[in-house]
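All chains are named by letter (A, B, ...) in the order of the sequence lines, taking the proteins before the strands, and each is independently numbered beginning at 1. This is a predicted model, so every value here is computed, not measured.
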Amino acid sequence: MFGPHLNQDMRGIRVRLLSSRRRHPAAKALLLVFGLFMMGALYSVVAPPVQVSADDTVTQQVEEGRALFAVGCASCHGLNGEGQTSGTIQGPPLAGVGAAAVDFQVSTGRMPMARPGEQAAAKPNRYSDEEIAALAAYVATLGPGPAIPEPAEYTPANISAEDLARGGELFRTNCSACHNFEGAGGALPNGKYAPPLVGLDDKRLYLAMLTGPQQMPVFSDEVLTPEDKRAIIGYLNALHEQPAAGGLALGGLGPVSEGLWAWIVGLGGLVFFAMWIAAKGAKAK
Amino acid sequence: MAEPAATVNDETAVQAQTPKKELGPVFKAAAGPTKWLDDRLGIAGLGRPFLRKVFPDHWSFLLGEIALYSFIVLILSGIFLTIWFKPSMAEIEYEGSYELLRGLHMSEAYASTLDISFDIRGGLLLRQMHHWAAAVFVAAMLTHSLRIFFTGAFRKPREINWLIGVAMLTLGIINGFTGYSLPDDLLSGTGLRFVDGLIRAIPVIGTWAEFFVFAGEFPGELIIPRLYMVHILLVPALLLGLIAVHLALVVYHKHTQYPGAGRVQGNVVGYPVFPVYAAKAGGFFLIVFGVLTLMGAVMQINPVWVFGPYNPAEVTAGSQPDWYMGFVEGGIRIMPNWEWHIGSTTWSWNVAIPGLGLMGLFFGLMAIYPFVEAWVTGDKSEHHLLDRPRNNPTRTAFGVAAMTGYAMLWIGGGNDLVATQFDVSLNAVTYFLRVAVFVAPVIAFLVTKRICIGLQHADRDRMLHGAESGVIDRAPSGKYSERHRPISAAQAFTLTQHEDIPALLPATDTDGYSEKEIRREQLRRKATRFFFIDTLRRPTRAEIEEAEHHHLHPMIIGDGEHHAIEAEEEHHLAK
Ligand code: HEM
């Protein structure tokens with residue numbers, strides 16, 4: 001929830017700053033130079049190192065990616081990832097979504113989207129790891145965006161008990177509103193849904209937070225630091241590994257499933273016994 | 001036999017000689033204290049009529065007992081919980097053995113619930129038993145009341161007991177809700193927030209009432225101690241009192257019974273409480289206790305450690321109340337967002353109508369129904385024989401319609417789960433239910449009524465033409481027909497013991513009545529037509545005789561007298 005709000009606020013501030021300077025005659029030219037300079041600086045900082053060292057293998061990977069993109073993705077996202085926002089087949093522009101978004105979308109099978117619908121559902125993925133890397137590398141050239149994180153960034157190794165508990169608090173503050181207290185998933189308006197988070201690997205959890213697919217807000221590193229993200233991942237893993245302390249978990253859907261079982265097993269079972277008792281016993285022959 | 005000594009008086013001598021009746025060891029052990037008590041309190045005299053009370057033998061008469069026994073389990077397990085539970089909202093740091101919450105700040109109430117669950121021997125078992133017992137308790141009360149409703153057992157002289165039942169159902173739901181709120185976990189806090197909204201939505205006094213209940217702004221510091229008092233003292237005491245009156249009235253009125261051979265308005269056929277029924281009831285108590293213990297042992301309920309401590313800044317998908325509050329939750333979820341803003345005031349019809357309105361409607365309709373029906377029929381007589389639901393099609397249809405509406409609201413309470421589990425859109429579910437909650441009961445009403453009347457037709461055929469035998473005859477002409485066999489006298493009783501209630505035409509002879517009286521009577525007559533116009537009349541004696549004549553053999557075999565009568569008890573019918 002905090003993700004988009006924060007971003008919007010920052011954008012608001014920047015727009016206000018810019019518009020107040022624009023009145024100076026030299027402003028336009030200066031701004032252009034400054035902008036280009038900033039772009040370049042930002043790019044060199046943010047863009048994944050593989051792309052900064054523009055050697056042959058990388059350009060080859062990007063070319064491979066471009067080819068794969070033209071076949072599998074361009075029908076919706078446009079030949080250059082510029083997006084297609086009118087017509088029956090639509091896809092958003094991909095400049096600036098970053099390699100991380102492509103990795104998440106393609107490795108979970110969400111992209112290429114099978115059929116237009118409320119939400120691109122996760123499904124078995126048809127691309128090899130190399131192909132995904134190539135697609136990601138290509139899309140990353142369209143504009144700067146989050147890079148694919150290294151295992152050290154997303155693996156909650158040696159996490160302390162304190163961090164686990166903190167991860168729980170972070171999860172309940174930032175995620176459970178959509179994904180349910182246990183990560184069992186939940187419904188969102190207009191046929192959309194937040195999927196269950198049970199049995200997902202660390203990288204997928206991390207990428208989702210980093211890129212904020214669709215209705216999900218982006219949890220950039222300013223909102224949730226990599227350490228916070230690892231705490232959440234550690235908490236979810238621990239939560240799903242522990243056995244249900246109270247016996248059979250009954251679907252873990254909370255009071256609704258409990259009520260169902262109270263009626264079926266509790267009252268149903270007792271009525272069954274009642275019938276048995278009433279039918280049994282000192283019947284006059 | 002020894003000769004008595006001449007000096008001793010005859011009577012004593014004989015007594016001395018009479019061999020003592022041998023009692024079993026148990027009775028022997030019990031005889032001493034019982035006699036001691038009886039000599040001082042005279043309980044035996046009081047108990048005798050009770051022990052001879054007759055209890056009819058049908059499973060649906062045991063639904064109330066399921067409620068009673070789960071209430072006993074609730075009290076026993078609740079007492080255990082009070083030993084450890086701390087009803088305090090003071091903030092402490094959790095140091096118990098559940099790792100994923102250790103070091104977090106939380107209320108003492110939540111921490112002590114975690115302690116009961118993880119650090120106190122048998123605590124989790126008892127907590128889960130308590131919660132399952134609560135869910136089954138309310139379910140049993142509701143089902144019990146459905147049995148009373150569909151069989152017309154609420155009719156005179158049992159209206160007061162019906163009202164007591166409605167009160168107990170309300171109190172049971174309230175107590176369940178207050179208990180659900182005690183552990184101060186994320187779901188119970190969200191539930192309290194929900195009720196906070198309900199209170200605030202009360203027109204005019206809402207805000208004031210909120211501050212009164214929570215002693216200030218939500219959630220405040222006092223709500224849990226207050227709910228605790230309500231939960232373990234106020235409501236259980238009221239319930240206990242009502243249960244006592246309820247059972248006393250059952251003994252006083254004696255039981256109703258289903259129609260059947262030898263069963264008439266003036267008697268009750270069944271087993272005497274002692275010894276047969278007592279054995280059955282005692283056994284059934286143990287079964288209820290056993291089932292609830294087993295559920296507590298193997299089925300997880302309300303895993304508060306997964307929800308986390310309540311924090312007003314957090315919410316979670318899948319926040320639902322226990323099932324008995326589900327219909328109110330559903331009403332609120334499917335209600336369009338209607339709100340008035342007048343000046344600086346807000347009128348939250350979106351919450352007030354479904355929240356307060358539904359609860360009022362549900363309990364209000366339940367409470368007045370017996371009186372409405374009595375007014376319509378104009379029937380002032382006592383009823384101890386139950387109706388078979390088909391024989392009062394309109395009442396049965398009302399009941400099924402109410403159940404259907406309730407079910408729609410229930411589904412609404414879980415609309416998010418319906419959406420995710422069945423892969424449909426949340427909005428589609430909600431829009432569907434907005435219509436269905438009004439339309440489905442009407443359809444249910446019409447369909448149920450038709451089914452009842454159809455069953456009445458089948459009964460009538462059985463009465464007039466006998467039971468279908470499954471044997472098909474082929475006439476020389478090639479025509480097929482099924483052979484019917486006579487039905488037993490017992491069945492004939494069952495099929496014909498109900499009363500025909502007439503549908504009345506508008507009154508024409510209205511001399512000497514005031515305008516108001518006439519209007520009321522015409523309205524009542526209109527209601528009788530709505531209720532009974534298409535109800536099937538039961539066959540008259542003449543029709544049965546005519547049918548017998550036609551079939552050339554008796555339709556009923558056996559004499560039907562004293563059939564299957566194990567014990568009988570007189571009703572003292574008010575004239
Ligand atoms: C009408 C009868 C009652 C109903 C419907 C009822 C229902 C409930 C429910 C649903 C809970 C939440 C339990 C949970 O944590 O999962 C609860 C908690 C509790 N109940 Fe009751 N209860 C009833 C009677 C009693 C009585 C008679 C006592 C005490 C003498 C009692 C003592 C408690 C205590 C101490 C708790 C909090 C402990 C905890 O949550 O772990 N209850 N009750």
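A donor-acceptor pair is defined here as one N or O able to donate and one able to accept, closer than 3.5 Å; no such pair exists between the side chain of Glu169(A) and the backbone of Leu104(B). Remark: side-chain polar atoms of Asn427(B) are paired, donor with acceptor, to backbone N or O of Asn190(A) under 3.5 angstrom. Judged by distance alone, the side chain of Glu258(A) and the main-chain N or O of Asn302(B) form a donor-acceptor pair under 3.5 Å. Between the side chain of Gln300(B) and the backbone N or O of Gly246(A), at least one donor-acceptor pair lies under 3.5 Å.
Proximity to chain A is absent for every atom of Ala133(B), based on heavy atoms less than 4.5 angstrom apart. Interface residue Gln128(B): only side-chain heavy atoms are found under 4.5 Å from chain A. With a 4.5 angstrom heavy-atom cutoff, Leu260(A) does not touch chain B via any of its atoms. With a 4.5 Å cut-off on non-hydrogen atoms, Trp276(A) touches chain B through its side chain but not through its backbone. Neither the backbone nor the side chain of Ala428(B) comes within contact range of chain A; no heavy atoms are under 4.5 Å apart. Heavy atoms closer than 4.5 Å to chain B are found in the side chain of Leu250(A), but not in its backbone. Residue contact with chain A, scored on non-hydrogen atoms closer than 4.5 Å, involves the side chain of Leu142(B) exclusively.
Nearest heavy atoms, Trp305(B) versus Ala245(A): CZ2-CB, 3.6 Å. When all heavy atoms of Met295(B) and Ala262(A) are compared, the closest pair comes out as CE-CA, 4.3 Å. Nearest heavy atom pair, residue Ser425(B) against residue Gly191(A), reads OG-N, 3.2 Å. The minimum heavy-atom distance between Lys280(B) and Ala278(A), with the atom names listed, is NZ-O, 3.8 Å. Taking every heavy atom of both residues into account, Ala317(B) and Phe181(A) meet most closely at O-CD2, 3.8 Å. Across all non-hydrogen atoms, the minimal contact from Ala238(A) to Leu100(B) is CB-CD2, 3.7 Å.
Chain A forms more heavy-atom pairs under 4.5 Å with one residue of Asp416(B), Leu294(B), Leu63(B), Val306(B) than with any other, namely Val306(B). Heavy-atom pairs under 4.5 Å with chain B peak, among Glu182(A), Glu162(A), Arg166(A), at Glu182(A). Top candidate by heavy-atom pairs under 4.5 Å with chain A, chosen from Val298(B), Leu187(B), Leu124(B), is Val298(B). Your options are Trp132(B), Phe118(B), Tyr98(B), Tyr94(B), and the one with the most heavy-atom pairs under 4.5 Å with chain A is Trp132(B). Of all the listed residues (Trp59(B), Tyr69(B), Phe284(B)), the one sharing the greatest number of non-hydrogen pairs under 4.5 Å with chain A is Trp59(B). Between chain B and the options Ala194(A), Ser257(A), Gly168(A), Pro189(A), the largest number of non-hydrogen pairs under 4.5 Å is found for Pro189(A). Interface remark: of the candidates Leu101(B), Asp423(B), Ile287(B), Ile287(B) forms the most heavy-atom pairs closer than 4.5 Å to chain A.
Rounding to the nearest 0.5 angstrom, the gap separating the OG1 atom in Thr173(A) from the CG atom in Asn311(B) is 6.5 Å. With rounding to the nearest 0.5 Å, the separation of CZ in Phe273(A) from CD1 in Ile66(B) is 10.5 Å. Between Phe137(B) atom CZ and Leu267(A) atom CG the span is 12.5 Å, to the nearest 0.5 Å.
More than 12 heavy-atom neighbours from other residues, nucleotides or ligands sit within 6.0 angstrom of CD on Glu93(B). Counted within 6.0 Å of CZ on Phe432(B), heavy atoms from surrounding residues, nucleotides or ligands total 12 or fewer; the atom is thus considered open.
For the pair Glu99(B)/Leu164(A), a side-chain contact is recorded, criterion being any heavy-atom separation below 4.5 Å from C-beta on. Side-chain contact check for Val271(A) versus Thr143(B): every heavy-atom pair is 4.5 Å or farther apart.
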